[in-house]
Visitor: 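Sharing a structure below in structure tokens format, with a few things to ask.
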Amino acid sequence: MSFLRTAPAFRAGLGMRTIHTSRVAAVQASKQVRAIAADETAGFKYTAENAILKGTVNDAVAVPTPNKAHGSYHWAFERLVSAAIIPATVAAAVASPTAHPIMDGVLGVTILIHSHIGFSACIDDYVDERKFGALGTACRWLLRVGTAGALVGIYEFNTNDIGLTELCEKVWKA
Amino acid sequence: MARRFVQTNSISEMEGLKLLNTQRMNRPVSPHLDIYQPQVTWVLSGLHRITGVAVAGVFYVGALTYLLHPIYPAIDSAHLIEAVHNLPVWFKTSAKVAFALPLTFHSFNGIRHLMWDTGKGLTMKGVYASGYAVMAASVISTIYLAFFV
């Protein structure tokens with residue numbers, strides 16, 4: 001009869017064990033009403049240098065609301081811009097920059113967007129607002145102003161001067 | 001009667017959190033990159049960001065400098081080309097290597113990243129093979145650009 005005796009254990013291994021309702025009731029009864037807010041830090045400040053988190057060990061870190069514009073679309077856009085630099089470079093190098101200033105402008109703007117995304121990723125990693133506060137916000141705005149200024153500079157250089165491609169060619173062979 | 005050596009104090013939840021955060025203040029920072037053995041995987045990954053920031057930095061500085069052209073008309077392509085032309089050859093060649101190596105590396109490694117994004121070459125062997133290919137392509141193209149163009 002050894003088979004019969006091992007049967008319950010075998011069933012338990014498959015996760016078919018019956019639930020002891022008394023245990024569940026006990027757990028429910030021990031649940032306490034929250035006494036501390038989930039963002040409480042007990043007077044400690046969350047800075048770049050320490051490991052202070054909001055709330056107790058039982059409070060999960062706040063998860064941002066899922067947003068495709070910050071997720072899959074953003075990711076796809078980044079790859080699209082990165083990949084676009086390859087044909088843009090080839091086209092700008094092959095075509096005469098003086099005859100096709102728009103091609104040269106497209107290359108400049110594509111590299112600018114790619115660079116802006118790259119710098120943003122660095123801010124996310126090294127000076128994020130969540131940890132660095134005002135410094136992170138300042139970096140974010142410095143980048144925005146820098147990108148806007150660089151965009152104007154690229155436009156001006158493309159319309160009044162020789163453009164990016166020809167500059168590279170001429171400086172390289174100077 | 002048995003003597004107890006362990007005592008427990010009843011503290012409020014807020015005091016508990018304060019104690020927890022006091023302990024959190026004493027936590028060591030996790031080990032930094034320099035404790036790891038240099039490997040093709042993470043070294044190239046780090047270089048990808050460093051070279052990207054370097055090349056993009058030159059691009060931004062250049063584009064922003066041209067904004068001063070209305071104030072200083074000497075800031076234009078003709079003057080820059082003239083200035084570079086007058087530099088000694090050894091300096092020009094060194095500068096070309098210093099600029100071409102990060103640019104070609106970031107470009108080739110960028111293609112490697114785009115390949116990964118399509119799900120290709122994501123094995124240990126594949127990552128090393130493409131890593132060495134990127135290094136070789138960067139060095140060869142830099143030598144070509146700096147010495148033969």
Side-chain angles (χ1 to χ4, degrees), chain A residues 32 34-36 40-46 49-53 55-57 59 75-76 78-79 82-83 85-86 89 108 111-112 114-119 121-122 125 143 145-158 160-164 166-174, chain B residues 12-30 48-50 52-53 55-70 75-78 80-87 92 95-96 99-100 103 106-107 110-111 113-114 116-118 145-146 149:
Chain A
Q32 284 186 346
R34 163 178 293 286
I36 289 183
E40 180 61 58
T41 55
F44 286 80
K45 206 167 173 248
Y46 178 51
E49 287 78 31
N50 66 38
I52 300 301
L53 304 171
T56 67
V57 283
D59 288 307
W75 191 87
E78 283 179 350
R79 310 304 119 169
S82 306
I85 293 177
I86 303 168
T89 309
I111 293 174
L112 184 75
H114 180 72
S115 305
H116 180 90
I117 292 169
F119 282 130
C122 292
D125 289 352
L143 176 61
V145 171
T147 302
L151 185 63
V152 176
I154 290 166
Y155 176 79
E156 290 292 321
F157 193 74
N158 192 281
N160 301 328
D161 212 306
I162 57 175
L164 177 67
E166 204 173 322
L167 177 77
C168 290
E169 279 177 12
K170 287 194 169 163
V171 167
W172 206 262
K173 290 172 182 172
Chain B
S12 74
E13 279 203 52
M14 189 59 88
E15 284 167 335
L17 184 61
K18 213 167 215 170
L19 184 63
L20 172 68
N21 278 342
T22 311
Q23 288 166 341
R24 277 171 170 169
M25 292 291 274
N26 293 325
R27 277 185 191 165
V29 176
S30 66
H48 189 65
R49 171 158 285 186
I50 293 165
V53 166
V55 175
V58 170
F59 184 69
Y60 267 57
V61 168
L64 289 169
T65 306
Y66 191 69
L67 291 178
L68 297 172
H69 173 68
I75 298 174
D76 66 354
S77 64
L80 179 66
I81 293 160
E82 181 67 21
V84 173
H85 179 75
N86 294 331
L87 289 169
K92 275 194 277 195
K96 281 180 188 178
F99 186 74
L103 180 64
H106 191 85
S107 304
I111 294 167
H113 267 277
L114 288 170
W116 285 336
D117 293 336
T118 65
L145 287 170
V149 175

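Lettering follows sequence order; numbering is per chain, from 1.
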Visitor: Is F119(A) in contact with chain B via its backbone, its side chain, both, or neither, using a 4.5 Å heavy-atom distance?
Guide: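 Side chain of F119(A) only, per the 4.5 Å heavy-atom cut-off to chain B.
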Visitor: CD/E40(A) to CD/E13(B) distance, rounded to the nearest 0.5 angstrom?
Guide: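 The CD atom of E40(A) sits 11.0 Å away from the CD atom of E13(B).
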Visitor: Applying side chain to side chain contact (heavy atoms under 4.5 Å, CB included), run through V152(A) and Y66(B) and close with a yes or a no.
Guide: CA-CA 9 Å; V152(A) 176; Y66(B) 191 69; over 6 Å; no
Visitor: Which distance, rounded to the nearest 0.5 Å, do you find between the OG of S77(B) and the CD1 of I162(A)?
Guide: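 S77(B) atom OG to I162(A) atom CD1 measures 3.5 Å (nearest 0.5 Å).
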Visitor: Closest heavy-atom contact between L64(B) and G149(A)?
Guide: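 Residues L64(B) and G149(A), closest heavy atoms: CD2-C, 3.5 Å.
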Visitor: A side-chain contact here means heavy atoms from C-beta on lying under 4.5 Å apart; do V171(A) and F99(B) qualify?
Guide: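 No, every pair of side-chain atoms sits at 4.5 Å or beyond.
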Visitor: Quick check: does any side chain N or O of K96(B) sit under 3.5 Å from a backbone N or O of W172(A), one acting as donor and the other as acceptor?
Guide: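 At least one qualifying donor-acceptor pair exists.
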Visitor: If you compare all heavy atoms of G108(A) against all heavy atoms of F59(B), which two are closest, and at what distance to 0.1 Å?
Guide: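 It is O-CZ, 3.5 Å.
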Visitor: In terms of heavy-atom proximity below 4.5 Å to chain B, should T89(A) be classed as side chain, backbone, both, or neither?
Guide: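 It is neither, since no heavy atom gets under 4.5 Å.
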Visitor: Give, as side chain, backbone, both or neither, the part of I85(A) having an atom under 4.5 angstrom from any heavy atom of chain B.
Guide: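 It is neither, since no heavy atom gets under 4.5 Å.
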Visitor: So what's closer than 4.5 Å to chain A heavy atoms on T65(B): side chain, backbone, both or neither?
Guide: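 Contact with chain A involves no heavy atom of T65(B) at all.
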Visitor: When you compare the side chain of V55(B) with that of I111(A), does any pair of heavy atoms fall below 4.5 Å?
Guide: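 Result no, sub-4.5 Å side-chain heavy-atom pair not found.
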Visitor: Chain A heavy atoms under 4.5 Å from L20(B): which part of the residue, side chain, backbone, both or neither?
Guide: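 Side chain of L20(B) only, per the 4.5 Å heavy-atom cut-off to chain A.
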Visitor: For K92(B), check side chain to side chain donor-acceptor pair (under 3.5 Å) against everything at least two apart and list the hits.
Guide: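 None.
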Visitor: With only heavy atoms counted, which part of H114(A) is less than 4.5 Å from chain B, the side chain, the backbone, both or neither?
Guide: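 Contact with chain B involves the side chain of H114(A) alone.
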Visitor: Checking H106(B) against chain A: side chain, backbone, both or neither under 4.5 Å from a heavy atom?
Guide: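 Looking at H106(B), just its side chain touches chain A.
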Visitor: Search all heavy atoms of M14(B) against all heavy atoms of A42(A) and return the closest pair with its distance.
Guide: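 Heavy atoms only, the tightest pair is SD-CB, 3.9 Å.
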Visitor: Looking at every non-hydrogen atom in both residues, tell me the closest pair between A63(B) and A150(A) and how far apart they are.
Guide: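 Minimum heavy-atom separation between A63(B) and A150(A): CB-O, 3.6 Å.
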Visitor: With only heavy atoms counted, which part of L145(B) is less than 4.5 Å from chain A, the side chain, the backbone, both or neither?
Guide: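 Both backbone and side chain of L145(B) come within 4.5 Å of chain A.
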Visitor: Any chance you could measure N160(A), atom CG, to D76(B), atom CG, to the nearest 0.5 Å?
Guide: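 If I round to the nearest 0.5 Å, the distance is 10.5 Å.
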Visitor: Run the side chain to side chain donor-acceptor pair (under 3.5 Å) test against R49(B) and tell me which residues pass, sequence neighbours left out.
Guide: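 With neighbours one apart ignored, the set is D125(A), Y126(A).
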Visitor: Could you tell me which portion of L114(B) (side chain, backbone, both or neither) has an atom closer than 4.5 angstrom to a non-hydrogen atom of chain A?
Guide: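 The answer is the side chain of L114(B).
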Visitor: Looking at N21(B) and T41(A), would you say the former's side chain and the latter's main chain have a donor-acceptor pair under 3.5 Å?
Guide: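 A pair under 3.5 Å: yes.
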Visitor: Could you check whether any side-chain heavy atom of F44(A) comes within less than 4.5 Å of a side-chain heavy atom of K18(B), counting everything from C-beta outward?
Guide: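 Answer yes - side chains close enough.
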Visitor: To the nearest 0.5 Å, what is the distance between CG on D161(A) and CD1 on I75(B)?
Guide: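 Taking CG in D161(A) and CD1 in I75(B), the distance rounds to 11.5 Å.
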Visitor: Under 4.5 Å heavy-atom distance to chain B, tell me which part of L112(A) shows up: side chain, backbone, both or neither.
Guide: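 L112(A) touches chain B through backbone and side-chain heavy atoms alike.
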Visitor: Contact between L67(B) and F157(A) at the side-chain level, heavy atoms closer than 4.5 Å - yes or no?
Guide: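 No - every pair of side-chain heavy atoms lies 4.5 Å or more apart.
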Visitor: What distance separates D117(B) CG from R79(A) CZ, expressed to the nearest 0.5 Å?
Guide: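 If I round to the nearest 0.5 Å, the distance is 4.5 Å.
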